[in-house]
Amino acid sequence: MLNIVVDGTIEDSIYEYGVVLDTLLKSKPKYDELFHNVTEAGEELSSKVTETLDSFYLLDDRQFEPIFNLAFHLLTSSNSDIESVLEKTQLVNKIVQIEEKIQQEDSKSRKLIEPTSLVSVLTTVFNSLPENSATRLDVLNAIVGLLERNKLQYLITPTLLDIFYESAKALGTSESSSEVLFDLYRVGNISDVSFVKKVILNFSVDVKHINEFLTDALNNEKLLDLSEYINIEKISFADSALLDLLKIYTSVDLEAFNKFDFTTVPNVNKSAVLSKLHSLVIAQLASANSTLKFADIASALSVEREAVPDFVINTIYMGSIQARIDQPNELVYINKVNILTAFDLTQWEAVRASLQAWKGCLNEVRSNINSNKKNKFIQQQRDQKERDREEE
């Protein structure tokens with residue numbers, strides 16, 4: 001492992017940088033001489049370090065990151081304005097160019113610099129920039145590009161998404177900020193659309209991303225309840241055909257769905273949406289009845305009775321309901337409905353009445369607990385007084 005110390009004097013760091021580069025690149029005394037008369041931070045040091053950056057691709061993977069960190073230390077010691085350093089040195093572009101150069105090499109004598117190491121040093125640069133620096137977006141774009149080109153989707157974790165989201169938000173909520181986040185989401189091939197929803201709610205976004213979001217939400221077999229999306233103001237800017245389909249879906253209107261022209265939404269997976277809609281239809285029936293007949297389910301789905309068990313099993317698998325099938329008697333016993341379907345006014349009144357009754361019960365329980373605590377405290381005081389008398 002290559003160990004480079006950056007906490008000594010700047011003069012020591014300069015000397016070490018030149019010597020180590022010559023040793024690793026077998027270029028002695030090229031870099032040692034380059035830095036021979038440089039003993040302090042400043043424009044001259046910055047200029048000479050910048051000269052060395054084009055040779056970094058010749059390092060092996062083990063050497064690259066420690067050398068980069070020392071170079072970055074020397075550059076930022078010469079100029080505390082990191083944005084200015086990046087602009088003058090074109091450091092981010094040079095890191096990306098390393099990727100291009102090593103892809104053209106076929107070296108068996110050394111372990112070429114890994115894309116993950118390039119991502120690591122870019123992350124160092126990103127973290128060094130002020131939170132409100134617009135240059136952070138350029139670095140984020142470079143990171144996303146590296147991840148995509150090198151198929152490093154596995155590095156895009158929910159934690160990384162959250163970090164980049166907060167970083168982009170600190171720069172403002174412009175379309176340029178949201179664009180980076182959408183690219184990150186796309187590259188990561190993430191199935192959880194909640195991240196995109198959060199971006200749409202809090203950033204300025206291009207309508208194409210709203211359309212992509214709705215399409216992904218409709219196609220996502222794990223995302224059954226889309227009713228909340230209807231009330232997102234920005235969703236109203238989506239393509240009218242997508243909005244119509246969303247309204248049909250959230251209304252659980254199977255008849256309207258079957259009449260819908262899917263050529264107007266070419267990226268929507270009709271069979272996936274239909275499967276989810278069948279599940280919602282069964283869940284809607286189950287929300288009103290603890291026992292369902294095969295005949296009633298078949299009628300609601302417009303299918304043969306023989307096909308009902310498969311539809312019920314799929315609904316159970318999707319998590320919409322918990323139920324037991326009695327195939328000989330052609331019945332489905334509902335244990336629990338896990339998803340809210342479209343409620344009419346009567347159903348909402350029933351729910352409200354249940355909530356009020358529950359609230360009343362909770363108040364009564366709280367009152368009883370408080371009363372018991374009070375009585376227990378009084379009794380403890382009495383017992384203590386009795387013990388005090390006996391001791392006297």
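Numbers here simply count residues along the sequence, with the first being 1. Keep in mind that this is a model prediction, so the values were computed, not measured.
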Between [X] and [Y]: side-chain donor-acceptor atoms closer than 3.5 Å:
X      : Y      : answer
Asn150 : Glu99  : yes
Ser120 : Glu65  : yes
Asn314 : Ser279 : no
Asn269 : Ser271 : yes
Asp12  : Thr9   : yes
Ser320 : Asn338 : no
Ser174 : Ser176 : yes

Would you compute the distance between atom [atom1] of [X] and atom [atom2] of [Y] and round it to the nearest 0.5 angstrom?
X      : Y      : atom1 : atom2 : answer
Leu24  : Leu58  : CG    : CG    : 11.0 Å
Ile200 : Leu181 : CD1   : CG    : 11.5 Å
Asn267 : Leu214 : CG    : CG    : 12.5 Å
Leu91  : Phe56  : CG    : CZ    : 8.5 Å
Leu285 : Leu280 : CG    : CG    : 11.0 Å
Ser133 : Leu86  : OG    : CG    : 8.0 Å

Nearest heavy-atom neighbours spanning [X] and [Y]:
X      : Y      : result
Ile10  : His73  : CD1-NE2, 4.4 Å
Ala238 : Leu243 : O-CD1, 3.7 Å
Val49  : Thr52  : O-OG1, 2.5 Å
Gly172 : Phe203 : O-CE2, 3.5 Å
Ala256 : Asp253 : N-OD1, 3.0 Å
Leu112 : Asp61  : O-CB, 3.5 Å

Contact between [X] and [Y] at the side-chain level, heavy atoms closer than 4.5 Å - yes or no?
X      : Y      : value
Leu246 : Ile235 : yes
Ser13  : Leu74  : yes
Leu146 : Leu152 : no
Leu254 : His278 : yes
Glu87  : Ser84  : no
Asn289 : Asp296 : no
Val337 : Ile334 : yes
Asp138 : Val92  : no

Item to complete: Give the C-alpha distance, both sets of side-chain angles, the deciding distance and a yes or no for side chain to side chain contact (heavy atoms under 4.5 Å, CB included) between Phe64 and Val121.
Response: CA-CA 9 Å; Phe64 169 67; Val121 298; 3.7 Å; yes
Worksheet item: Which pairs with one or both residues in residues 23-47 pass ring-ring contact (aromatic ring centres under 6.0 Å, His included), sequence neighbours excluded?
Response: Tyr17-Phe35
Discussion item. Phe213 and ring pair (Phe, Tyr, Trp, His ring centres under 6.0 Å): which single residue from Phe195, Tyr229, Phe182 fits?
Written reply: Tyr229
Charged N to carboxylate O under 4.0 angstrom, [X] versus [Y]?
X      : Y      : result
Glu114 : Lys111 : yes
Glu221 : Lys276 : no
Arg186 : Glu148 : yes
Glu212 : Lys208 : no
Asp22  : Lys30  : no
Glu330 : Lys293 : no

Worksheet item: Taking Ser46 for the side chain and Gly42 for the main chain, is one N or O donor matched with an acceptor at less than 3.5 Å?
Response: no
Inspect the surroundings of [atom1] in [X] and state if more than 12 heavy atoms from other residues, nucleotides or ligands are less than 6.0 Å away.
X      : atom1 : result
Tyr15  : OH    : no
Arg149 : CZ    : yes
Glu131 : CD    : no
Gln90  : CD    : yes

Are [X] and [Y] connected, step by step, through hydrophobic side chains (Ile, Leu, Val, Met, Phe, Trp, Tyr) whose heavy atoms are closer than 4.5 Å?
X      : Y      : result
Leu171 : Val205 : yes
Leu53  : Val19  : no
Leu118 : Leu155 : yes
Leu75  : Val20  : yes
Val96  : Leu137 : no

Worksheet item: So Tyr165 and Tyr185, ring pair (Phe, Tyr, Trp, His ring centres under 6.0 Å) or not? Walk me through it.
Response: CA-CA 11 Å; Tyr165 172 85; Tyr185 174 83; over 10 Å; no
Worksheet entry | For Asn335, all residues meeting side-chain hydrogen bond (donor to acceptor under 3.5 Å, both in side chains), sequence neighbours excluded | none
Practice prompt. Output, in order, the C-alpha distance, side-chain angles, deciding distance and verdict of side chain to side chain contact (heavy atoms under 4.5 Å, CB included) for Val199 and Asn202.
Written response: CA-CA 5 Å; Val199 175; Asn202 295 293; over 6 Å; no
Worksheet item: Passes salt bridge (Lys or Arg N to Asp or Glu O under 4.0 Å), Asp216 versus Lys197? Steps please.
Response: CA-CA 11 Å; Asp216 288 346; Lys197 175 188 166 186; over 6 Å; no
Worksheet entry | Verdict with supporting geometry, Ile113 and Ile98, side chain to side chain contact (heavy atoms under 4.5 Å, CB included) | CA-CA 8 Å; Ile113 298 170; Ile98 289 174; 3.9 Å; yes
Discussion item. Applying side chain to side chain contact (heavy atoms under 4.5 Å, CB included) to Glu83 and Leu129, what does each step give before you reach the verdict?
Written reply: CA-CA 7 Å; Glu83 289 181 309; Leu129 286 161; 3.8 Å; yes
Item to complete: Indicate the ring-plane relationship of Phe68 and Phe72, choosing parallel, tilted or perpendicular according to the 30° and 60° boundaries.
Response: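 Geometry flag for Phe72 against Phe68: parallel rings.
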Worksheet, complete the sentence: The single option from Val312, Leu331, Val332, Asn329 that satisfies side chain to side chain contact (heavy atoms under 4.5 Å, CB included) with Phe294 is Val332
Worksheet item: Which other residues belong to the hydrophobic cluster containing Tyr317, where Ile, Leu, Val, Met, Phe, Trp and Tyr are joined when side-chain heavy atoms lie under 4.5 Å apart, directly or via other members?
Response: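 The other cluster members (ILVMFWY side chains, heavy atoms under 4.5 Å, direct or chained): none.
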